[in-house]
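Written below as structure tokens is the structure these notes are about.
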Amino acid sequence: MTTLIRLMREADIDAVRRVEAAAFGAWLKQAHGRAEDLPWRTRTHVLALREKDPGGCFVAEHDGRLVGLVFSRTWGSVGWFGTFAVLPGFQGQGIGKRLIAASLDYLRQEPGRVIGLETMPDSPYNLGLYLKQGFRLRPLTLRMSKTLSPCVQDDVELPRWSEADPETRRRWLADLRRATGQIRPGLDYSKEIAVTARHRLGDTLFLTRDGQAVGMSTVTLVSTREGQDEEGGAAHPMVLHPAHANEESLNALLAATETLGRACGKQTITLPVNGRHTGALEQILRSGYRVERGLVRMVLTGTDAGPCTDRHVNLSAWAG
């Protein structure tokens with residue numbers, strides 16, 4: 001019986017959740033000795049992931065049973081795949097390579113797009129697989145976290161997407177596309193803002209200067225897995241126009257993100273930091289954040305200019 005690779009459907013969502021939890025749960029037990037089963041991702045979370053790029057999300061079906069999956073994500077001129085999983089009993093049969101190929105075909109539809117991924121550094125099989133597929137190493141993505149103080153006298157608040165009228169929202173999105181276009185031409189975070197709001201996953205804060213939006217922080221305020229505590233929030237993505245990538249502006253975004261988290265009863269805030277953004281990383285460390293874990297960032301050969309560092313503020317994780 002052959003294995004079919006096809007587009008993910010809404011009717012597949014529960015099977016996708018089951019396969020993802022089984023595959024990653026088995027890896028955690030083997031690599032880290034985790035005893036308990038991994039909770040399923042929430043249905044809302046998986047639906048939101050698929051909605052962002054429905055044409056780039058695929059499943060592997062064997063004899064009517066879903067045995068693998070891959071999500072693709074695009075931010076205009078930037079794209080990646082993840083989450084990616086194959087059930088342990090079906091690994092080593094080429095299913096993973098076929099899922100990756102389907103995702104890459106989708107991501108290559110826009111010429112000039114940077115194509116990447118993130119993976120766990122303690123997963124040598126995946127690292128080898130991706131290297132053989134033409135991906136090359138880049139600076140780590142660091143997951144940073146901070147414990148929020150229960151009370152702060154001078155909370156910093158910024159305008160929110162949820163409180164803005166339609167015309168203001170349209171103007172903010174246009175401003176942000178101009179801002180992110182200065183970081184990389186065609187980079188666009190609009191769908192992250194819209195989908196986060198539509199699925200009630202959190203809210204987006206906007207930093208404005210002279211009436212224009214020059215920065216944003218999309219803050220997730222709900223857990224991604226069932227049964228997990230609701231103590232933490234996450235900022236992803238967080239970005240500043242290069243002309244405003246200074247200590248004052250980044251501090252304002254960080255402080256407002258923490259204020260929102262605190263107001264919603266969160267005890268911690270996490271955010272991903274690409275190691276190439278050295279100035280932002282140093283400031284975030286000074287602001288009381290600590291490194292929680294690292295992810296290997298990889299880029300498909302020929303889709304970027306190679307390893308480098310900069311002082312941009314463009315904080316995001318490529319993995320779903």
Q | D203 and E163: CA distance, side-chain angles, deciding distance, side-chain contact (heavy atoms from CB on, under 4.5 Å) verdict | A | CA-CA 10 Å; D203 209 343; E163 299 171 347; 5.7 Å; no

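- A donor atom on one side chain and an acceptor atom on the other are found under 3.5 Å apart for H199 and E51.
- No hydrogens or angles considered: nothing links the side chains of T218 and T196 as a donor-acceptor pair under 3.5 Å.
- Looking at heavy atoms from C-beta onward, H277 lies in side-chain contact with N314 at the 4.5 angstrom threshold.
- Checked by atom type, the side-chain pair T268/S145 shows no donor-acceptor distance below 3.5 Å.
- Within 6.0 Å of the CZ atom in R209, the count of heavy atoms belonging to other residues, nucleotides or ligands exceeds 12.
- Looking at R18 and D12, no side-chain N of the basic residue comes within less than 4.0 Å of a carboxylate O on the acidic one, giving no salt bridge.
- In terms of modelled atom types and a separation under 3.5 Å, the side chain of T42 and the main chain of H45 share a donor-acceptor contact.
- For the residue pair T141/N274, the side-chain donor-acceptor check at 3.5 Å is not satisfied.
- Looking at M216 and L205, their side chains never come closer than 4.5 Å, going by heavy atoms from C-beta outward.
- Under a cut-off of 6.0 angstrom, the local environment of CD in E248 is sparse, with at most 12 non-hydrogen atoms contributed by other residues, nucleotides or ligands.
- Side chain of T259 to backbone of A255: a donor-acceptor contact under 3.5 angstrom is found.
- Between the side chain of Q91 and the main chain of V86, a donor-acceptor pair closer than 3.5 Å is present.
- The two residues T257 and M238 come nearest to each other via the heavy atoms OG1-CE, 3.7 Å.
- Side chain to side chain, H236 and S316 fail the donor-acceptor criterion of an N or O pair below 3.5 Å.
- The hydrophobic cluster containing L201 does not contain I193, counting ILVMFWY residues as joined when their side-chain heavy atoms lie under 4.5 angstrom apart, directly or transitively.
- Under the 3.5 Å distance criterion, with hydrogens and angles disregarded, no donor-acceptor pair is assigned to the side chains of T309 and T278.
- Using a cut-off of 4.0 Å between Lys/Arg side-chain N and Asp/Glu carboxylate O, R138 and D304 are scored as salt-bridged.
- Remark: the backbone N or O of G134 is paired with a side-chain donor or acceptor of T301 at under 3.5 angstrom.
- Here the side chain of R73 pairs no donor or acceptor atom with the backbone of L49 at under 3.5 angstrom.
- There is no side-chain donor-acceptor pair under 3.5 Å between R290 and T147.
- Ring geometry for W75 against Y189 counts as perpendicular: the plane angle is over 60°, on a 0 to 90° scale with 30° as the lower cut.
- For the pair S249 and N246, the tightest heavy-atom approach, listed with the atom from each and the gap, is N-OD1, 2.8 Å.
- Not a single donor-acceptor pair under 3.5 Å links the side chain of T224 to the backbone N or O of R41.
- Distance alone, capped at 3.5 Å, is enough to place a donor-acceptor pair between the K191 side chain and the T74 backbone.
- One N or O on the side chain of K146 and one on the backbone of S287 form a donor-acceptor pair closer than 3.5 Å.
- The nearest pair of heavy atoms linking L69 to T83 is CD1-O, 3.9 Å.
- Centroid-to-centroid, the aromatic rings of Y130 and F81 come within less than 6.0 Å.
- Hydrophobic clustering (side-chain heavy atoms under 4.5 Å, transitive across Ile, Leu, Val, Met, Phe, Trp, Tyr) groups L104 together with F71.
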Q: Decide side-chain contact (heavy atoms from CB on, under 4.5 Å) for L140 and L295; before the verdict, give the C-alpha distance in whole Å, the side-chain angles of both, and the deciding distance to 0.1 Å.
A: CA-CA 6 Å; L140 292 176; L295 291 171; over 6 Å; no

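- The side-chain heavy atoms of I13 and R43, taken from C-beta on, include a pair separated by under 4.5 Å.
- I183 is connected to L173 through a chain of hydrophobic side-chain contacts under 4.5 Å among Ile, Leu, Val, Met, Phe, Trp and Tyr, so both are in one cluster.
- Salt bridge status for E61 with R6: present, with a side-chain N to carboxylate O gap under 4.0 Å.
- Proximity of a side-chain donor or acceptor of R50 to a complementary backbone N or O of C57 within less than 3.5 Å is not detected.
- Nearest heavy-atom pair, L7 versus F58, reported as atom, atom and distance to 0.1 Å: CD2-CE2, 3.6 Å.
- The two residues I269 and G261 have their closest heavy-atom pair at CD1-CA, 4.3 Å.
- Look at R17 and E20 and you find no salt bridge, because none of the NZ, NE, NH1 or NH2 atoms lies under 4.0 Å from a carboxylate O.
- Residues Y125 and T119 form no side-chain contact, since every pair of their non-hydrogen atoms from C-beta on lies 4.5 Å or further apart.
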Q.
If you apply the rule salt bridge (charged side-chain N to carboxylate O under 4.0 Å, His left out), what do you find for K52 with E192, and how did you get there?
A. CA-CA 8 Å; K52 293 171 185 177; E192 296 297 322; 2.9 Å; yes

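- To the nearest 0.5 Å, the span separating CG on L127 from CG on L137 amounts to 7.5 Å.
- A single hydrophobic cluster is not seen to contain both F206 and V195; linkage of ILVMFWY side chains at heavy-atom distances under 4.5 Å, directly or through other members, places them apart.
- The backbone N or O of R113 sits nowhere less than 3.5 Å from a side-chain atom of S77 that would complete a donor-acceptor pair.
- Side-chain contact annotation: R177 with S190, donor-acceptor N/O pair under 3.5 Å present.
- A donor and an acceptor atom, one from each side chain of S72 and D53, are nowhere located under 3.5 Å apart.
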Q. Given E258 and V156, is the side-chain contact (heavy atoms from CB on, under 4.5 Å) satisfied, shown in steps?
A. CA-CA 8 Å; E258 294 163 16; V156 176; over 6 Å; no

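- The heavy-atom pair separating S217 from A235 by the smallest distance is OG-CB, 3.7 Å.
- Looking only at side-chain heavy atoms (C-beta outward), L38 and R225 come within less than 4.5 Å of each other.
- To the nearest 0.5 Å, atom CD of residue E157 and atom CG of residue D155 are 6.5 Å apart.
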